[in-house]
Every structure is written in C-alpha cells, then in structure tokens.
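Read through the structure below, which is laid out as structure tokens, and then see the notes.
Please read these numbers as outputs of a predicted model, since none were measured by experiment. Just the heavy atoms: all of them, side chains too, but no hydrogens, waters or symmetry mates, feed the values below.
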Protein chains: 2
Amino acid sequence: MAYPPLHELNLLHANICQALADPKRILILYALADEPRHVTALAEMLCLPQPTVSRHLRILRQQSLVTSERDGTAVVYSLLDHRIIDVLDTMRQVMVDALARQSNLLEDNGFS
Amino acid sequence: MAYPPLHELNLLHANICQALADPKRILILYALADEPRHVTALAEMLCLPQPTVSRHLRILRQQSLVTSERDGTAVVYSLLDHRIIDVLDTMRQVMVDALARQSNLLEDNGFS
DNA sequence: TACATATATTCGGATAATCGAATATAGTTT
DNA sequence: AAACTATATTCGATTATCCGAATATATGTA
C-alpha cells in the first residue's frame with residue numbers, strides 16, 4: 001500500500017523544523033524559555049546585531065513558536081509553547097548519545 | 001551576563017533540525033519507525049525516484065538519525081533512535097494546537 | 001567474465017536562506 | 001512637531017538546498 005503523497009501537515013511540519021534549524025534561533029528559543037525578553041535584551045545576550053535578531057524572531061513568529069507583545073517602544077517576545085523546549089532537549093540528548101556511541105566505536109577500534 | 005557565543009553543540013543541534021526540515025525526510029523517518037526497509041521499498045512507498053531517496057538517506061545518515069546495513073545487493077536502513085519519532089510527534093502536536101488556536105481566533109473575530 | 005539488480009554519486013540549474021548595511025516604522029518624551 | 005528609542009524591513013551578494021537526469025559503484029548470478 002503506497003503512502004499518500006506529501007500532505008499539507010507534512011509541509012507545515014517541515015517548516016517548523018526549518019525554523020528550528022539555525023543555531024541563533026535555538027539560542028533565542030532557550031533564552032525565551034527562561035523568561036520573556038525584549039529584542040534588544042536578546043541581541044545583547046547573544047551578541048548579535050538587532051536587525052539579525054528581529055529577522056530571526058519573525059521566522060519564529062511565523063511558525064507560531066513565539067509571540068510578541070508591545071511594551072511601550074519595546075516589544076516583548078515570549079515562548080508560545082514550552083513543549084518546544086522539551087523537543088529541543090530530547091533532540092540534544094539523542095545527539096549527545098549518538099556522539100558518545102561514535103566516540104566508543106573509535107576507541108574500540110584503537111583510534112582513541 | 002552575556003551568553004557564550006554559538007558553541008559547537010548548538011551548531012550540531014541546528015544540523016539535526018536541518019536534517020528533519022524536509023517533508024520527504026520526515027516521511028522516510030516515519031516509514032523507518034514502522035520497520036527497517038530497503039531503499040527501493042522506501043522509494044515505492046513514497047512514490048519518489050530512487051536517487052532522491054538515496055540522497056535524503058545520506059543526509060539522515062550523516063546526522064546519525066538512521067543506519068544502513070547491507071543485505072545482498074540491497075541496503076536496509078533503520079531508525080537509530082526512536083526518540084526522534086517522539087520529537088516529531090510532539091512537534092506535530094504543538095503545530096496542530098497552534099493551528100487550532102489560530103482557527104479559534106479567526107472564529108472569535110467573525111471570520112469563520 | 002558478462003549481465004542484472006540495488007544503491008550511490010555527480011552535474012547543472014532553480015529556489016531559498018542568511019547576512020551586513022542602510023533605512024523605515026512605531027511609540028515616547030519634551 | 002521634533003527628537004529619541006526600540007523594532008522592523010529592504011537591498012544586494014553570498015551560500016546552501018533540492019531536484020531530474022545521467023552515470024557510477026557494488027553485489028549477486030549465469
């Protein structure tokens with residue numbers, strides 16, 4: 001039985017992954033998991049130019065990973081769903097375990 | 001206190017996300033979660049040309065998301081860590097919930 | 001060895017992502 | 001309104017990704 005062709009949900013799913021697929025955006029998400037923050041606060045924390053942070057935040061916003069709220073002239077961004085952090089944490093654990101396995105393989109073959 | 005600059009782990013983390021960021025690769029992973037499969041079997045299931053499947057599998061292999069094992073002239077691919085499916089499932093749930101929220105927002109404003 | 005099957009790779013072109021630099025917009029204060 | 005602060009956007013160039021088509025490699029078999 002052939003699978004249905006790539007359906008809409010799968011495209012959206014891939015879009016979410018794409019939004020996560022940048023080291024700066026991952027840092028932004030972890031920073032927002034801590035607490036909501038202004039754009040400038042994020043830029044300073046991560047040592048990035050403000051326009052760069054804004055552009056990354058837009059991408060995260062378009063995927064409904066963060067929300068924004070005005071606070072005077074500033075805009076406060078917050079994480080929309082903390083399960084995204086669980087997702088990132090699990091992925092990181094999978095990655096670390098894979099690296100450990102590879103490292104063991106190397107040792108077992110006398111490459112340590 | 002400024003964060004450390006983007007460290008190695010974060011780059012690897014982003015690479016994993018990047019590997020997940022394609023609808024065809026997501027389908028491949030779900031298909032392999034079911035059971036290990038040959039390249040051709042995957043290609044037929046997903047109605048994709050064999051070279052396309054091979055290229056996607058290489059990307060997944062490079063990120064240690066799948067492993068391959070020879071079986072005669074065929075090569076059997078399998079999922080390396082099933083937690084990746086948990087990750088994908090949670091992401092999909094987050095996505096569906098976000099879509100539901102958006103849909104409710106539209107209705108509440110008379111756009112239904 | 002010759003042939004068949006299964007998988008992997010390369011090439012070229014199209015599409016998309018990212019960044020720095022410059023600039024535009026929105027809200028606040030005087 | 002003018003000046004200021006915070007945020008967002010655009011532009012142009014660079015780099016990365018993806019695909020179809022063609023081809024190469026590897027294993028098994030006659």
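Contact check of residues 65-75 of chain B against DNA chain C (heavy atom, cut-off under 4.0 Å) returns B:T73, B:A74, B:V75.
Residues that satisfy the side-chain contact (heavy atoms from CB on, under 4.5 Å) test with B:A98, not counting sequence neighbours, are A:S64, B:R101. Considering only residues two or more places apart in sequence or on other chains, A:A74 meets the side-chain contact (heavy atoms from CB on, under 4.5 Å) condition with A:H38. For the side-chain hydrogen bond (donor to acceptor under 3.5 Å, both in side chains) test, residues two or more places apart in sequence or in another chain that qualify with B:Q50 are B:S54. Evaluation of the salt bridge (charged side-chain N to carboxylate O under 4.0 Å, His left out) rule for A:E35 yields A:R37 as partners, not counting sequence neighbours. Evaluation of the side-chain contact (heavy atoms from CB on, under 4.5 Å) rule for A:T67 yields A:S78, A:L80 as partners, not counting sequence neighbours. For the side-chain contact (heavy atoms from CB on, under 4.5 Å) test, residues two or more places apart in sequence or in another chain that qualify with B:A14 are A:P23, A:I26.
The interatomic distance linking B:R37 (CZ) with C:dA6 (C1') rounds to 17 Å, in whole Å. In this structure, A:H38 atom NE2 and C:dT28 atom P are separated by 12 Å, rounded to whole Å. One can place CD1 of A:I26 at 12 Å from P of C:dT18, the figure rounded to the nearest angstrom. Regarding A:L48, its CG atom lies at a distance of 14 Å from the P atom of C:dA21, rounded to whole Å. Distance CG (A:L42) to C1' (D:dA8): 15 Å, rounded to an integer number of Å. Taking atom CD of residue A:Q62 and atom P of nucleotide C:dT18, one finds them 11 Å apart after rounding to whole Å. Between the CG atom of A:L11 and the P atom of C:dT15 there is a distance of 17 Å, given to the nearest Å.
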Listed pairs, N/O of protein and of nucleotides 16-22 of chain D, under 3.5 Å:
from, atom 1, to, atom 2, distance (Å)
D:dC18, OP1, B:D22, OD2, 3.4
D:dC18, OP1, B:R25, NH2, 3.1
D:dC18, OP2, B:R25, NH1, 3.4
D:dC19, OP1, B:K24, NZ, 2.3
D:dC19, OP2, B:H56, NE2, 2.8
D:dG20, OP2, B:T52, OG1, 3.3
D:dG20, N7, B:R55, NH1, 3.4
D:dG20, N7, B:R55, NH2, 3.2
D:dG20, O6, B:R55, NH1, 2.3

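Contact between the side-chain N/O atoms of B:Y77 and the OP1/OP2 oxygens of C:dA8 is found at a separation under 4.0 Å.
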Quick one, B:V87 with A:V94, criterion side-chain contact (heavy atoms from CB on, under 4.5 Å). Give me CA distance, side-chain angles, the key distance, then yes/no.
CA-CA 10 Å; B:V87 162; A:V94 168; 5.6 Å; no
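When all heavy atoms are compared, the tightest approach of B:A33 to B:H82 is O-CE1, 3.5 Å. Taking both residues in full, the closest heavy atoms of A:D89 and A:Y30 are given as OD1-OH, 2.8 Å, listed atom of the first, atom of the second, then distance.
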DNA chain D in dot-bracket, Watson-Crick or G-U pairs under 3.5 Å, [ ] crossing, | other strand?
||||||||||||||||||||||||||||||
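Applying the salt bridge (charged side-chain N to carboxylate O under 4.0 Å, His left out) test to every pair with at least one member in residues 76-85 of chain A, sequence neighbours left out, gives these pairs: A:D81-A:R83, A:R83-B:D97. Legend: salt bridge (charged side-chain N to carboxylate O under 4.0 Å, His left out) pairs involving residues 50-68 of chain A, not counting sequence neighbours: none detected.
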